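Here's the structure we're looking at; comments come further down.
Everything numeric in this text was worked out from a predicted model, so none of it was measured. Each chain gets a letter, A, B and so on, in the order the sequences are listed, and its residues count up from 1.
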Number of protein chains: 2
Amino acid sequence: MRKRRSLAMNLDAVAEKAGVSTSTVSRVLNNLEIVKSSTRSRVLKVAEELNYHPNLHARSLARGKSRILGIIVSNMENPFFLDIYRTLESDAHAQGLEVVVANTDYRSEQLLASVQLMIGLRVAGLAVIVSEMEEHLIQTVANSRIPAAFYDVGTPQKNITNIRVDYRKGIKKTVSYLNALGHRRMAFVGHHSTLVPISERRKTFLESVHRCSPSAEAKIFAGPDGLDGGRQAARELLESGFRPTAILCVNDLMAVGVMRELREEGLQIPKDVSVTGFDNIKLAEFCSPPLTTNHIPREQIGHIIFQSVLGNGREEYDTGREIVIDPELVVRDSTGVAAKS
Amino acid sequence: MRKRRSLAMNLDAVAEKAGVSTSTVSRVLNNLEIVKSSTRSRVLKVAEELNYHPNLHARSLARGKSRILGIIVSNMENPFFLDIYRTLESDAHAQGLEVVVANTDYRSEQLLASVQLMIGLRVAGLAVIVSEMEEHLIQTVANSRIPAAFYDVGTPQKNITNIRVDYRKGIKKTVSYLNALGHRRMAFVGHHSTLVPISERRKTFLESVHRCSPSAEAKIFAGPDGLDGGRQAARELLESGFRPTAILCVNDLMAVGVMRELREEGLQIPKDVSVTGFDNIKLAEFCSPPLTTNHIPREQIGHIIFQSVLGNGREEYDTGREIVIDPELVVRDSTGVAAKS
DNA sequence: GTCTGCGTTGCAAGCGTTTGCAGAAATCGC
DNA sequence: GCGATTTCTGCAAACGCTTGCAACGCAGAC
């Protein structure tokens, strides 16, 4: 026998003080009905007195599984990720599951560490909402046999569902909306990235513009994600000398950053230039002017993800599929008829 | 012997395939130097092949402690909380600690559940950044012997540090700044709450206004936290018929909500009414007009919290103290000279 | 007064690690 | 070539819990 770590309160301590066996205490704490109610209340009283809290690690180990939903996101600063996380969290809590989140900050070594963590924790299900992921890591998850859902990355597999938003549709719709308002010189502000889904957005933008009016001009700008990234991209745009009458942004946060920089330059929105976003975050409604954007149903996405990883199979969305979500244009005050140049 | 759950990859499986004992595998995986390098590389190869990931629950159990920092926050939607969380997370990662967060959503049963979770996880340290907490729960944490830091709640104890922001100072400074600009009719927009720290803010506001100019008018409004809460409070203010020339908000998010509603009403900021906030979140810089606010150094707070719960004792901030942070006024464009009424 | 059956409880193995200690293998000195 | 060291490795207990199975006590049936 080794040294006894007497500090830690455990089942045995409670059992001893209550004059029963550990199994009985365990059964009481797990609400197994076979315990006589007098015993039950005595045990509960003792547990309370001793300030006992079950060791969750031991529990998970003994049960051979944990009641934890793992969530990996790129960046909680972006309300898009945050909202999905919040939905997942509330779904999980509703089922008595705990949640462990990890941010990757767009750093791949952090992603790796997060995946390892989740597998090490033997999470019951895993949601990965990041913008880039190497094939190799996807395989690691697939091999772990943990039911998982990914956002817009790779192809679905046995235990992995892939969910993506059809940005192409959203971009097309937005472009033709702006075209109808007379815009013939447009810019797209997105992320720097060589990933297929991202570069596809740029391509779609250019094609859409030219399809609407073959003589229209279209240019691409990019920056890091977030308010600052939007601002930075807008700066580059202004310095490039290109003067679009409308700017499509890949998300609302960047759009707000863009608007900030345009205002700085003395431009008025939407009089001088129209701006649109994607996501329809709460801020889109509160910024000035309120932002025209493409609504992406983040709650719905969250629910779908939850269902597909922990939906017990009998649900509509089970693991191993691809699910596509369509955005929807929400018109507010940041867009208007094109300024005559 | 019971049924063997053959699916789960474990140390034994690796040990067997590599022809060594589990202890050796364990030592390899923990980078204990006593292992011969040929054995070491063989084990690593097998672990890789088998796609082995150590079970973190078993590890924590065996080690008798976990390398986890627990964080409980009210609401990650509020960048104030989010920023502190992010700082804590990065400090923790820098030390090889993992992080588990829980949101309480201002719900006390969620707070209770979160505290239980953290204790059950035997976290190495606990940061509690919530706006309300019952004495009883504070005691639970104190009894758990886990090093903890609380934000603005209760009094410091043996293993608990309390950190708070001196809102009174910030409010006084803001009021006298506005007074100097000629404002004599001011409103304060805060949270509904009977808690001492919150009601003290209201009191401080009223006193400050009257101290600056005894004839000045001051009124209090309140709403839930967040953009919507600010908007709601502004609505009530407008409906009350009170027409302040300046509105102090208890945080930036509410201030942005307030501005939105004022604009809706056709009021111009700061020409018709000045608005100020607290926190100095990123959005304060990006909203329109950029917000005059009281900077609260959230990064610093995060670092202090981390130090005080996991600072190994030899650091400047150790558990069991009270630490007070002063806000600092940042003037932007949402404030100006009072409109002559 | 035995027997059956049921509601309760206890025993002990097992979950996948870590780690003190002892034993085995390799290295060295002479 | 042999004992003394020094490495290296394995054994087995421990971490705190769950849970299948067996055992116990007691009621009612006969």
Query raised in the report: Quick one: A:Asp12 CG to C:dG10 P, roughly how many Å, whole number?
Result: 13 Å
Requested in this report: Output all residues satisfying side chain to side chain donor-acceptor pair (under 3.5 Å) with B:Gln116, sequence neighbours left out; order by chain, then residue number.
Outcome: A:His53
Requested in this report: List for me each residue that meets side chain to side chain contact (heavy atoms under 4.5 Å, CB included) alongside B:Ser108, sequence neighbours excluded, and say none if there are none.
Outcome: B:Glu134
Query raised in the report: Taking only residues two or more places apart in sequence, or in another chain, which ones meet B:Phe80 in a ring-ring contact (aromatic ring centres under 6.0 Å, His included)?
Result: B:Tyr151
Query raised in the report: Quick one: A:Arg63 CZ to C:dA13 P, roughly how many Å, whole number?
Result: 22 Å
Indicate every side-chain donor-acceptor pair of residues 30-39 of chain A with a distance under 3.5 Å to a residue at least two apart or in another chain.
| from | atom 1 | to | atom 2 | distance (Å) |
| --- | --- | --- | --- | --- |
| A:Asn30 | ND2 | A:Ser26 | O | 2.8 |
| A:Asn30 | ND2 | A:Ser26 | OG | 3.4 |
| A:Asn31 | OD1 | A:Arg40 | NH2 | 2.9 |

Query raised in the report: Whole-Å distance between D:dA13 C1' and B:Leu61 CG?
Result: 13 Å
Report task. Rounded to the nearest angstrom, tell me the gap between atom CZ in A:Arg67 and atom P in D:dT18. Result -> 14 Å
Query - Contact residues, residues 15-38 of chain A to DNA chain D [heavy atom, < 4.0 Å] - result: A:Ser23, A:Ser26, A:Arg27, A:Asn30
Report task. Establish, with yes or no, whether the OP1 or OP2 oxygen of C:dT17 is under 4.0 angstrom from a side-chain nitrogen or oxygen of B:Ser60. Result -> no
Query raised in the report: Under the side chain to side chain donor-acceptor pair (under 3.5 Å) test, which residues partner B:Glu48, sequence neighbours left out?
Result: none
Query - Nucleotide C:dG16, atom P - distance to NZ of A:Lys65 in whole Å - result: 14 Å
Query raised in the report: Who passes side chain to side chain donor-acceptor pair (under 3.5 Å) against B:Gln110, sequence neighbours left out?
Result: none
Query raised in the report: Given atom CZ of B:Arg42 and atom C1' of D:dT9, what is their separation to the nearest angstrom?
Result: 11 Å
Requested in this report: Begin with the C-alpha distance, continue with both residues' side-chain angles, and end with the deciding distance and a verdict on side chain to side chain donor-acceptor pair (under 3.5 Å) for B:Asn162 and B:Arg321.
Outcome: CA-CA 6 Å; B:Asn162 189 47; B:Arg321 307 182 14 176; over 6 Å; no
Report summary line: Per the under-4.0 Å heavy-atom filter, residues of residues 43-56 of chain B near DNA chain D come out as none
Report summary line: A:His57 NE2 to C:dC15 C1', in whole Å, measures 15 Å
Query raised in the report: CZ of A:Arg59 versus P of D:dT18: gap in Å, rounded?
Result: 5 Å
Query raised in the report: Under 3.5 Å, is there a donor-acceptor pair between the B:Asn78 and B:Asp225 side chains?
Result: yes
Query raised in the report: Who are the side chain to side chain donor-acceptor pair (under 3.5 Å) partners of A:Ser114, not counting sequence neighbours?
Result: none
